[in-house]
Amino acid sequence: MNDTLGVGGNILKVHFNSRIDRARSKLMIIAADKTEVPVTMTTSPDDETLTGQVTLSTIGSFKLRWQVLAVDGHTTRGDIPFTVIQP
């Protein structure tokens with residue numbers, strides 16, 4: 001993922017180094033004020049990628065919070081910081 005996204009609709013793809021259980025994994029956007037922006041999960045191209053769509057209406061700092069369940073049963077999570085800019 002780039003470290004900047006534009007205001008409006010965006011497609012997010014996060015690729016992992018092992019297969020994941022996509023049905024039990026998720027993406028979420030967290031704004032600087034801690035509000036959550038919904039991510040609509042979409043079809044992913046393979047068993048290692050989460051894909052989603054999000055509409056971002058304001059500029060500023062955000063983070064993409066991901067949580068995945070690996071096929072071996074362990075859960076992993078993390079954050080990817082990014083900035084929304086006016087295109």
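These numbers were taken from a predicted model, which means no experiment stands behind them.
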Show me the side-chain donor-acceptor pairs of residues 78-87 shorter than 3.5 Å, one per line, residues at least two apart or across chains.
residue	atom	partner	partner atom	Å
Asp79	OD1	Arg65	NE	2.8
Asp79	OD2	Arg65	NH2	3.1

With no hydrogens and no angle check, just 3.5 Å: does a side-chain donor-acceptor pair link Thr49 and Ser44? no

So how far is it from Phe62 CZ to Thr35 OG1, rounded to the nearest 0.5 Å? 7.0 Å

To the nearest 0.5 Å, how far apart are CH2 in Trp66 and CG in Leu50? 9.5 Å

Interatomic distance, NZ@Lys63 vs NZ@Lys34, rounded to 0.5 Å, equals 5.0 Å

Is the shortest side-chain heavy-atom distance between Thr55 and Asn10 below 4.5 Å? no

Between Thr75 and Gln67, is there a side-chain heavy-atom distance shorter than 4.5 Å? yes

Within-4.5 Å side-chain heavy-atom neighbours: Ile20 and Val71: no

Nearest heavy-atom neighbours spanning Pro38 and Val54: O-CG2, 3.4 Å

Sequence neighbours left out, what passes salt bridge (Lys or Arg N to Asp or Glu O under 4.0 Å) with Asp21? Give chain and number order. Arg24

Mind checking what makes side chain to side chain donor-acceptor pair (under 3.5 Å) contact with Asn17, not counting sequence neighbours? none

What verdict does the side-chain contact (heavy atoms from CB on, under 4.5 Å) test give for Leu64 and Leu27, after you've listed the backbone C-alpha separation in whole Å, the side-chain angles of each residue and the deciding distance to 0.1 Å? CA-CA 7 Å; Leu64 172 64; Leu27 299 173; 4.1 Å; yes

Might you point out which heavy atoms bring Pro45 and Thr51 nearest each other, and give the distance in Å? CD-OG1, 3.7 Å

Spell out, yes or no, whether Ile59 and Ile30 are grouped together once hydrophobic residues are joined by side-chain heavy atoms under 4.5 Å, including indirect joins. no

Closest approach of Arg22 to Asp46 (non-hydrogen atoms, all atoms of both residues): NH1-O, 2.6 Å

For Gln53 and Thr42, which heavy atoms make the closest approach, and how far apart are they? CG-CG2, 3.8 Å

Consider only side-chain heavy atoms of I, L, V, M, F, W and Y, link residues closer than 4.5 Å, and tell whether Met41 and Leu5 are in one cluster. yes

Using the rule that Ile, Leu, Val, Met, Phe, Trp and Tyr join whenever any side-chain heavy atoms are under 4.5 Å apart, tell me whether Leu12 and Phe16 fall into a single cluster. yes

